[in-house]
Amino acid sequence: GEGEGEGEGEGAAVVRGLLADEIEIDETVAANSQIGAQTQARVACDVDGAQCVVVWRDDRSEGGGAGDIFGGVVDVNADAAPVVFPVTLADGEQSEPDVCFTGGVFLVVWDDERDPSHNQVFGATIAVDASRNANVSGEALVANDAKKPSLSSVIDDVATFDARVVFQQTDNGNLRVARLTSPQLSQPAGADVADIGVSSSIRAAVTAKSDETAVLWVDPTSDVKLSRAFTTPAAGDVTVESAVDVERLSLAPSGAGGF
């Protein structure tokens with residue numbers, strides 16, 4: 001889908017800083033040729049917080065006509081320019097990326113319109129070495145007829161590749177949450193996918209522990225209330241709480257199920 005201008009805040013400033021100092025880039029794209037807009041930035045860092053990857057929607061390679069997904073590696077302990085690289089240069093519009101660190105690599109997902117007949121969610125992994133070189137691999141379909149993905153690693157075991165992605169179905173706007181357990185990405189099915197059964201007026205958010213997952217979204221009937229869901233896809237069970245008071249939000253109530 002088209003970008004929603006999410007990059008006008010702090011994330012946009014991060015991206016502008018990356019591009020202003022850009023010195024290394026894949027040879028398929030000229031350095032410092034930022035045509036169009038760079039928006040929708042998201043960031044994740046490794047377990048030590050020393051290396052971070054920022055991802056964003058970028059217009060440069062298609063002359064402002066459509067977006068691609070770019071990334072930048074930042075070493076917070078080094079006085080060096082970031083390494084900027086394309087994550088995907090597929091045809092059509094790619095937008096709304098998200099990134100997390102899990103299992104020793106960075107995982108990226110995004111909204112993809114390479115097939116102009118419908119939206120899909122694609123993903124890839126990024127391995128970063130000590131010299132801040134980024135190796136993007138395993139680009140694959142994660143969800144068909146889906147859009148607006150958000151991503152989280154499990155917060156209690158980042159050493160194991162284990163992540164949750166929440167997205168909207170394009171036919172009815174309802175949310176689904178899926179578990180990704182291998183860097184060889186594929187489309188989750190069966191017990192690894194749960195239907196939440198409600199739609200959101202904005203891009204949803206997800207956070208997870210190994211045994212429980214929470215999804216937050218804005219109810220389309222209200223612009224001030226948040227809701228959350230706890231999913232147990234193996235049992236086909238999704239418990240939804242509506243109109244949760246923001247002050248009492250937590251990852252999970254006592255006894256809540258999970259993946």
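Numbers for residues simply follow the sequence, beginning at 1.
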Open item on the list: For Ala50, is there any backbone N or O sitting under 3.5 Å from a side-chain donor or acceptor partner on Asp48?
Closed with: no
Open item on the list: Working to the nearest 0.5 angstrom, can you tell me the gap between Asp171 CG and His118 NE2?
Closed with: 12.0 Å
Task: Side chains of Ser210 and Asp156, donor plus acceptor under 3.5 Å - done: yes
Task: hydrophobic_cluster_shared for Leu185 and Ile69, side chain cutoff 4.5 Å - done: no
Open item on the list: How close do Gly123 and Val142 get, counting heavy atoms only, and between which atoms?
Closed with: N-CG2, 3.8 Å
- [ ] Report yes if the side chains of Val73 and Phe106 come closer than 4.5 Å at any heavy-atom pair, otherwise no.
- [x] no
Open item on the list: Less than 4.5 Å apart, side chain to side chain, heavy atoms only: is that true for Val53 and Val128?
Closed with: yes
Task: Check: Ser95 main-chain N/O paired with Asp111 side-chain donor or acceptor under 3.5 Å - done: no
Task: Over all atoms of both residues, closest heavy-atom pair of Leu107 and Ala163 - done: CD2-CB, 3.7 Å
TODO: List the steps, then state whether side chain to side chain contact (heavy atoms under 4.5 Å, CB included) holds for Asp145 with Asn119.
DONE: CA-CA 5 Å; Asp145 295 313; Asn119 291 64; over 6 Å; no
Open item on the list: Checking side-chain polar atoms at under 3.5 Å, does Asp162 have a donor or acceptor matched by the opposite partner on Thr160?
Closed with: no
TODO: Would you indicate whether the side-chain heavy atoms of Ser200 and Leu175 approach each other to under 4.5 Å?
DONE: yes
Open item on the list: Can you give me the closest heavy-atom contact between Ala178 and Val193, atom names plus distance?
Closed with: CB-CG2, 4.1 Å
Task: side-chain contact (heavy atoms from CB on, under 4.5 Å), paired with Leu151, selected from Val109, Val166, Val206 - done: Val109
Open item on the list: Quick check: do Lys147 and Phe167 have side-chain heavy atoms less than 4.5 Å from each other?
Closed with: no
TODO: List the steps, then state whether side chain to side chain donor-acceptor pair (under 3.5 Å) holds for Asn144 with Gln120.
DONE: CA-CA 5 Å; Asn144 204 20; Gln120 299 169 301; 2.9 Å; yes
Open item on the list: Looking at Arg42 and Glu96, is any side-chain nitrogen of the basic one under 4.0 Å from a carboxylate oxygen of the acidic one?
Closed with: no
Task: Sub-4.5 Å side-chain heavy-atom contact between Leu141 and Gln187 - done: yes
- [ ] Ignoring hydrogens and angles, state whether a donor on the side chain of Thr88 or Glu139 is under 3.5 Å from an acceptor on the partner side chain.
- [x] yes
Open item on the list: Any side-chain to backbone donor/acceptor pair from Asp75 onto Gln51? Under 3.5 Å, distance only.
Closed with: no
Open item on the list: Which heavy atom of Pro188 sits nearest to which heavy atom of Leu180, and what is that distance?
Closed with: CG-CD2, 3.5 Å
Open item on the list: With heavy-atom distances below 4.5 Å as the criterion, would you say the side chains of Asn174 and Asp195 are in contact?
Closed with: no
Task: same_hphob_cluster(Val136, Phe101) at 4.5 Å side-chain heavy-atom cutoff - done: yes
- [ ] Look at the side-chain heavy atoms of Ile, Leu, Val, Met, Phe, Trp and Tyr, link any pair under 4.5 Å apart, and say whether Val54 and Leu89 land in one connected group.
- [x] yes
Open item on the list: Can you give me the closest heavy-atom contact between Cys45 and Gly49, atom names plus distance?
Closed with: CB-CA, 4.1 Å
Open item on the list: Quick check against the 3.5 Å criterion: does Ser182 have a side-chain atom that pairs as donor or acceptor with the backbone of Gln184?
Closed with: yes
Open item on the list: Quick check: is Ile155 connected to Phe161 through a chain of hydrophobic side chains (ILVMFWY, heavy atoms under 4.5 Å apart)?
Closed with: no
Open item on the list: On a heavy-atom basis, which atom in Ala204 and which in Ser150 lie closest, and how many Å separate them?
Closed with: O-OG, 2.5 Å
- [ ] Using the ring of Phe122 (Phe, Tyr or Trp, six-membered ring only), decide whether Arg114 places NZ or CZ under 6.0 Å from its centre and within 45 degrees of its axis.
- [x] yes
Open item on the list: Using the rule that Ile, Leu, Val, Met, Phe, Trp and Tyr join whenever any side-chain heavy atoms are under 4.5 Å apart, tell me whether Val99 and Trp110 fall into a single cluster.
Closed with: yes
- [ ] Can you tell me which residue pairs pass the salt bridge (Lys or Arg N to Asp or Glu O under 4.0 Å) test with a partner in residues 118-130, sequence neighbours excluded?
- [x] none
Task: 4.5 Å side-chain heavy-atom contact, Val108 and Ile126 - done: yes
Task: 4.5 Å side-chain heavy-atom contact, Trp217 and Val198 - done: yes
TODO: Check whether any side-chain N or O of Arg176 sits under 3.5 Å from a backbone N or O of Ile196 as a donor-acceptor pair, and report yes or no.
DONE: no
Open item on the list: By the definition side chain to side chain donor-acceptor pair (under 3.5 Å), identify the one residue from Gln94, Glu93, Gln38 that meets it with Arg57.
Closed with: Glu93
